Amino acid sequence: MPEGHTLHRLAALHTRRYVGRPVAVSSPQGRFATNAEMVDGRVLESAEAHGKHLFHHYGPDLVVHVHLGLYGRFSDDRLPVEEPRGQVRMRVIGETHYGDLRGPTACELLTDAEVDAIHARLGADPLRDDADPDRAWARISRSRAPLATLLMDQSVIAGVGNVYRAEALFRHGLDPQLPGRKLTRACWDELWVDLVDLLHDGYRRGKIETLRSEHDPRLVDGVGPCARATYVYKRTGEPCLVCGTPVAHARHLARNLFWCPVCQAPEPVRPARRAARRTTTRLERR
DNA sequence: TGAGTATGTTCAG
DNA sequence: TGAACCTACTCAT
């Protein structure tokens with residue numbers, strides 16, 4: 001599930017597994033072979049994530065940049081190494097474990113300047129201490145674009161993908177088509193705090209679960225642990241867990257968008273209704 | 001076993 | 001706007 005939490009988990013894992021010691025880097029598939037030679041045998045100095053991007057720092061102008069894209073994976077296995085299965089773009093071997101990178105959108109060797117450029121174009125990352133939500137707000141509050149577009153714009157908020165977008169908008173009763181400039185500062189502040197909570201939770205669990213306990217059918221009805229743990233994502237036509245209305249689906253900029261037409265009804269929002277809405281979708285800190 | 005689908009991004013046209 | 005990337009999972013057969 002490569003949204004931001006996945007990449008931050010990988011950065012933390014790679015820090016534990018490999019940082020501070022020499023690693024063997026290769027490209028069984030061959031597409032990263034020349035660059036792999038440049039860092040093979042070097043000490044991995046640090047691993048970090050910004051949004052959905054992962055960086056392995058081997059020294060000045062020696063940074064491996066990885067983006068998993070839609071279906072990239074980075075495995076984690078104990079030594080000894082096995083024969084590569086499938087297309088392994090990059091293999092990193094440490095003292096106790098090794099990782100195989102498959103199907104990434106990007107796996108490239110960058111200079112420091114190129115890495116800086118990526119950081120510069122990425123927006124506030126809810127999982128980074130240096131995140132600047134005011135900069136994100138400056139973009140959102142000036143934009144005519146709908147929230148559904150803005151939340152997925154990595155130059156506004158880095159690390160939020162389709163699942164977190166759908167779930168965060170639902171949790172705040174926000175119409176996905178609401179223009180950014182119509183969002184109130186108070187709503188943004190609550191939304192940001194919740195994104196920080198949600199992504200940290202995903203980081204800890206290693207999966208995206210967004211249901212508050214009172215809405216979790218696994219707790220309410222004793223449904224098996226495999227039941228989905230989202231309010232609207234991939235629940236098209238199923239009853240909203242709060243109001244029972246069938247969850248709606250549409251294509252938005254070539255991506256799937258899910259929302260509850262009642263809990264996230266468009267304007268006008270009357271004060272009484274907003275108050276009622278708050279009692280059912282209030283932000284719950286974990 | 002095979003078809004269909006996906007949490008993302010870039011590039012061609 | 002659609003194709004490409006080319007993995008892994010789910011579901012139907």
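Convention: sequence-line order gives letters A, B, ...; per-chain numbering from 1. Note that this is a predicted model, so its numbers are computed, not measured.
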Integer-rounded Å distance: [N] [atom2] and [X] [atom1]:
X: A:R251; N: B:dA6; atom1: CZ; atom2: C1'; answer: 10 Å
X: A:R235; N: B:dA6; atom1: CZ; atom2: P; answer: 17 Å
X: A:L54; N: B:dT7; atom1: CG; atom2: P; answer: 22 Å
X: A:I208; N: B:dA6; atom1: CD1; atom2: P; answer: 15 Å
X: A:K52; N: B:dA6; atom1: NZ; atom2: P; answer: 16 Å
X: A:L253; N: C:dT1; atom1: CG; atom2: P; answer: 8 Å
X: A:R205; N: B:dT7; atom1: CZ; atom2: P; answer: 21 Å
X: A:I118; N: B:dT9; atom1: CD1; atom2: P; answer: 12 Å

Query raised in the report: Which pairs with one or both residues in residues 69-111 of chain A pass ring-ring contact (aromatic ring centres under 6.0 Å, His included), sequence neighbours excluded?
Result: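 Applying ring-ring contact (aromatic ring centres under 6.0 Å, His included) to every pair that reaches into residues 69-111 of chain A, excluding sequence neighbours, yields A:H14-A:F74.
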Query raised in the report: Looking only at atom P, what distance separates C:dC5 and B:dG13, rounded to whole Å?
Result: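 It works out to 14 Å between them.
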Query raised in the report: What integer number of Å spans the P atoms of C:dA8 and B:dT10?
Result: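 To the nearest whole Å, 22 Å.
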Query - Qualifying residues under ring pair (Phe, Tyr, Trp, His ring centres under 6.0 Å), relative to A:Y164, sequence neighbours excluded - result: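 Result, ring pair (Phe, Tyr, Trp, His ring centres under 6.0 Å) vs A:Y164: A:H5.
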Requested in this report: Return the set of residues passing ring pair (Phe, Tyr, Trp, His ring centres under 6.0 Å) with A:H57 (not counting sequence neighbours), or none when no residue passes.
Outcome: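 Counting only residues at least two positions away or on another chain, A:H57 forms no ring pair (Phe, Tyr, Trp, His ring centres under 6.0 Å).
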Which residues pass the salt bridge (Lys or Arg N to Asp or Glu O under 4.0 Å) test with [X], not counting sequence neighbours?
X: A:D153; answer: A:R139
X: A:E37; answer: none
X: A:E82; answer: A:R85
X: A:D76; answer: A:R17

Query raised in the report: Hey, can you pull the residues of residues 74-94 of chain A with a non-hydrogen atom under 4.0 angstrom from DNA chain C?
Result: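 Contacting residues: A:Q87, A:R89.
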Query raised in the report: Counting only side-chain N and O atoms of A:N162, is one of them less than 4.0 Å from OP1 or OP2 of B:dA6?
Result: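 For A:N162, the contact criterion (side-chain N or O under 4.0 Å from OP1 or OP2 of B:dA6) is not met.
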Requested in this report: Nearest-nucleotide wise, let me know which of A:Q154 and A:Y71 is further upstream toward the 5' end of DNA chain B.
Outcome: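 The residue mapped nearer the 5' terminus is A:Y71.
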Report task. Mind running a 4.0 Å heavy-atom check of residues 97-110 of chain A against DNA chain B and sending the residues that fall below it, in number order? Result ->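 Here the set is A:T105.
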Query raised in the report: Are A:V160 and A:L211 linked, directly or through other ILVMFWY residues, by side chains that come within less than 4.5 angstrom of each other?
Result: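 Yes, A:V160 connects to A:L211 through the hydrophobic network.
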Query raised in the report: Is the gap between the ring centers of A:Y231 and A:H215 under 6.0 Å?
Result: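 Yes.
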